[in-house]
Asks: 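This structure is in structure tokens; I'll ask about it shortly.
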Amino acid sequence: MAFAVARTWDEAQLYLELHPCPDCGSVDAPWEQALVQVDGELASSYSAICPGCSAAREYLFGLPARETPVHGWPTFGGPEPSEILDAGQWLDVADIAAAAVPTDPVEAGRVLAIAQSAVAEVIKFVPAGADAVPDDEFWTPEGQAVRAAEPGRFRLDRLLVTRDAYAELGREISETGAR
């Protein structure tokens, strides 16, 4: 049984935040991570007891073939696209972060780093030589809904502009806050 790979702790944590308790809808949970063996295969287990309804929750992720180098924060993954979040979900994460930039310069920089990194994750779904994310990279209802709402946002040129705009805005806020 092969599990979808969570490339980094940051990616696994984001996945957990995007999957509330199916019984009560709570997103808060004291997740514990462990390395487990399932049918002879190593996996990363994230388990918790939901504080909202006491339901036991567990998610199992495959381990990456090689360690993903961590450079800065957040580090969602290496050069390969995600197996646990589709392209539409990543762009939705970017949109949610960019819509909630706080006034505090330090926190604003962190939120914009999430938005920028999430758009960078969408770009990883664009095959070499292609100009957009292919249709088959939207495998969840949530991701498909984001794509259906504005399919043009998944063109490579628009994604690059969006990523770079978030990076520039983050730099500007950091410079303003440092004064």
Asks: Are the side chain of Glu41 and the backbone N or O of Val38 linked by a donor-acceptor pair below 3.5 Å?
Replies: no

Asks: With a 4.5 Å heavy-atom cut-off, do Tyr166 and Val101 have their side chains touching?
Replies: no

Asks: Under the criterion side chain to side chain contact (heavy atoms under 4.5 Å, CB included), which of Thr68, Ile114, Thr75 is the partner of Asp10?
Replies: Thr75

Asks: Hey, do the aromatic rings of Phe154 and Phe138 have their centres closer than 6.0 Å?
Replies: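 Yes, close enough.
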
Asks: Step by step, would you call Leu91 with Val119 a side-chain contact (heavy atoms from CB on, under 4.5 Å)?
Replies: CA-CA 6 Å; Leu91 194 57; Val119 174; 4.2 Å; yes

Asks: Using the ring of each side chain (for Trp, its six-membered ring), is Tyr15 parallel, tilted or perpendicular to Tyr59, with breaks at 30° and 60°?
Replies: perpendicular

Asks: Counting only N and O atoms by type, is there a donor-acceptor contact under 3.5 Å from the side chain of Arg7 to the main-chain atoms of Glu80?
Replies: yes

Asks: Would you say the side chain of Val5 lies within less than 4.5 Å of the side chain of Ile84, judging by non-hydrogen atoms?
Replies: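 No, side chains not in contact.
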
Asks: Do you know which two heavy atoms are closest between Pro127 and Ala132, and how far apart they sit?
Replies: CD-O, 4.0 Å

Asks: CG of Asp86 to OG1 of Thr140: how many Å apart, nearest 0.5 Å?
Replies: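 Reported to 0.5 Å precision, the distance equals 3.5 Å.
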
Asks: Taking all non-hydrogen atoms of both residues into account, name the closest pair between Val111 and Ala97 and its distance.
Replies: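 In terms of heavy atoms, the two residues are closest at CG1-O, 3.0 Å.
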
Asks: Would you name the heavy atoms of Glu137 and Val133 that are closest together and state the gap between them?
Replies: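 Heavy-atom minimum between the residues: CB-CG1, 3.6 Å.
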
Asks: Hey, are the side chains of Cys53 and Ser26 touching, using non-hydrogen atoms and a 4.5 Å cut-off?
Replies: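 The answer is no; the side chains never approach within 4.5 Å.
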
Asks: Measuring only between side-chain heavy atoms, which start at C-beta, is Glu11 closer than 4.5 Å to Phe61?
Replies: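 Glu11 vs Phe61: side chains apart.
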
Asks: Taking all atoms of both residues into account, what is the closest heavy-atom pair of Ala115 and Ala98, and its distance?
Replies: CB-N, 4.2 Å

Asks: To the nearest 0.5 Å, what is the distance between CG (Leu169) and CG (Asp164)?
Replies: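 Going from the CG atom of Leu169 to the CG atom of Asp164 covers 12.5 Å.
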
Asks: How long is the straight-line distance from CG of Leu159 back to NZ of Lys124, given to the nearest 0.5 Å?
Replies: 13.0 Å

Asks: If you draw a 6.0 Å radius around CG in Asp131, do more than 12 non-hydrogen atoms from other residues or ligands fall strictly inside?
Replies: no

Asks: Is the count of non-hydrogen atoms from other residues, nucleotides or ligands lying under 6.0 Å from Glu142 atom CD greater than 12?
Replies: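 Yes - once you tally the heavy atoms of other residues, nucleotides and ligands closer than 6.0 Å, there are more than 12.
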
Asks: Taking all non-hydrogen atoms of both residues, which atom of Pro30 and which atom of Ile49 are closest, and how far apart?
Replies: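 Nearest heavy atoms, Pro30 then Ile49: CD-O, 3.6 Å.
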
Asks: Starting from Leu63, can I reach Phe3 by hopping between I/L/V/M/F/W/Y residues whose side chains sit under 4.5 Å apart?
Replies: no

Asks: Atom CZ of Arg171 and atom CG of Leu112: how far apart are they, to the nearest 0.5 Å?
Replies: 11.0 Å

Asks: Group every Ile, Leu, Val, Met, Phe, Trp and Tyr by side-chain heavy-atom contacts under 4.5 Å, then state whether Ile96 and Val122 land in the same group.
Replies: no

Asks: Of all the heavy-atom pairs spanning Pro151 and Ala148, show the shortest one and how long it is.
Replies: CD-O, 3.7 Å

Asks: Under a 4.5 Å side-chain heavy-atom rule over Ile, Leu, Val, Met, Phe, Trp and Tyr, are Leu60 and Leu35 clustered together?
Replies: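 Different clusters.
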
Asks: Are Leu42 and Tyr46 connected, step by step, through hydrophobic side chains (Ile, Leu, Val, Met, Phe, Trp, Tyr) whose heavy atoms are closer than 4.5 Å?
Replies: no

Asks: Does the distance from a Lys or Arg side-chain N to an Asp or Glu carboxylate O, for Asp23 and Arg57, drop under 4.0 Å?
Replies: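 A salt bridge is absent here (no side-chain N lies under 4.0 Å from a carboxylate O).
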
Asks: Under a single-linkage definition using a 4.5 Å side-chain heavy-atom cutoff for Ile, Leu, Val, Met, Phe, Trp and Tyr, are Phe76 and Trp31 assigned to the same hydrophobic cluster?
Replies: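 Same cluster.
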
Asks: Atom CD of Gln89 and atom CD of Gln144: how far apart are they, to the nearest 0.5 Å?
Replies: 9.5 Å

Asks: Give, for atom CZ of Arg110 and atom CD of Glu107, the distance between the pair rounded to the nearest 0.5 Å.
Replies: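 Separation between the atoms: 6.0 Å.
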
Asks: Could you walk me through whether Ser82 and Glu121 pass the side chain to side chain donor-acceptor pair (under 3.5 Å) check?
Replies: CA-CA 7 Å; Ser82 177; Glu121 289 300 321; 5.8 Å; no

